[in-house]
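For this chain, numbers begin at 1 and follow the sequence in order. Counting starts at 1 for both ligands and their atoms, following the listed order.
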Amino acid sequence: MPEHDVDWAALRDAAVTAMEQAYAPYSKFPVGAAALTEDGRIVSGCNVENASYGVTLCAECALVGQLHLTGGGRLAAFYCVDGQGNVLMPCGRCRQLLYEFRAPGMQLMTTQGIKTMDQVLPDAFGPENLEETT
Ligand code: THU
């Protein structure tokens with residue numbers, strides 16, 4: 001999807017709305033994530049923490065769950081925000097989560113402007129590696 005076809009303001013709004021539903025009593029760091037699918041849906045998610053801290057689900061976990069619940073497909077553009085609505089970089093684990101479901105040329109809003117998935121997770125391990133024979 002070309003850059004000019006992405007409504008970044010709408011994606012940010014969806015990410016902020018998701019962030020407002022976050023369950024983050026331990027870190028007090030609510031996160032919201034939203035993505036545009038190739039077929040034009042917006043999917044979103046918030047972080048959900050746990051008293052067993054390591055069990056915490058990042059916002060992106062809920063987002064990829066919603067992607068599948070609402071019909072699957074691929075992610076064309078992604079926006080993540082912190083509690084102030086500022087752009088937040090997805091953590092390393094979540095870059096991997098997003099990589100699995102990227103559309104070709106997937107774009108992400110970053111603190112340095114719009115980047116591609118390949119820029120934020122270069123030389124990634126992905127499904128294609130599992131098909132390699134040894
Ligand atoms: N968090 C996310 O939801 N996504 C990220 O990509 C970075 C971190 C959450 C996890 C935890 O609830 C809080 O931010 C503080 O680490």
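The number of heavy-atom neighbours closer than 6.0 Å to CZ of R41, taken from other residues, nucleotides and ligands shown, is above 12.
Using modelled atom types and a 3.5 Å distance limit, the side chains of S52 and N50 yield no donor-acceptor pair.
Without hydrogens or angle criteria, E49 side chain to A22 main chain gives no donor-acceptor distance under 3.5 Å. Checked by atom type and distance alone, the side chain of R95 pairs as donor or acceptor with a backbone atom of P90 at under 3.5 Å. Put simply, the side chain of D7 never gets that close to the backbone of L36: no donor and acceptor are under 3.5 Å apart.
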Please tabulate, one line per pair, the protein N or O atoms found under 3.5 Å from any N or O atom of ligand 1, giving the distance to one decimal.
from: ligand 1; atom 1: 3 (O); to: A59; atom 2: N; distance (Å): 2.8
from: ligand 1; atom 1: 4 (N); to: E60; atom 2: OE1; distance (Å): 2.9
from: ligand 1; atom 1: 6 (O); to: E60; atom 2: OE1; distance (Å): 3.4
from: ligand 1; atom 1: 6 (O); to: E60; atom 2: OE2; distance (Å): 2.9
from: ligand 1; atom 1: 6 (O); to: C91; atom 2: N; distance (Å): 2.8
from: ligand 1; atom 1: 12 (O); to: N47; atom 2: ND2; distance (Å): 2.9
from: ligand 1; atom 1: 12 (O); to: E49; atom 2: OE2; distance (Å): 2.5

Inset, instruction - List the steps, then state whether side chain to side chain contact (heavy atoms under 4.5 Å, CB included) holds for L108 with L98. - result: CA-CA 10 Å; L108 299 88; L98 297 170; 4.2 Å; yes
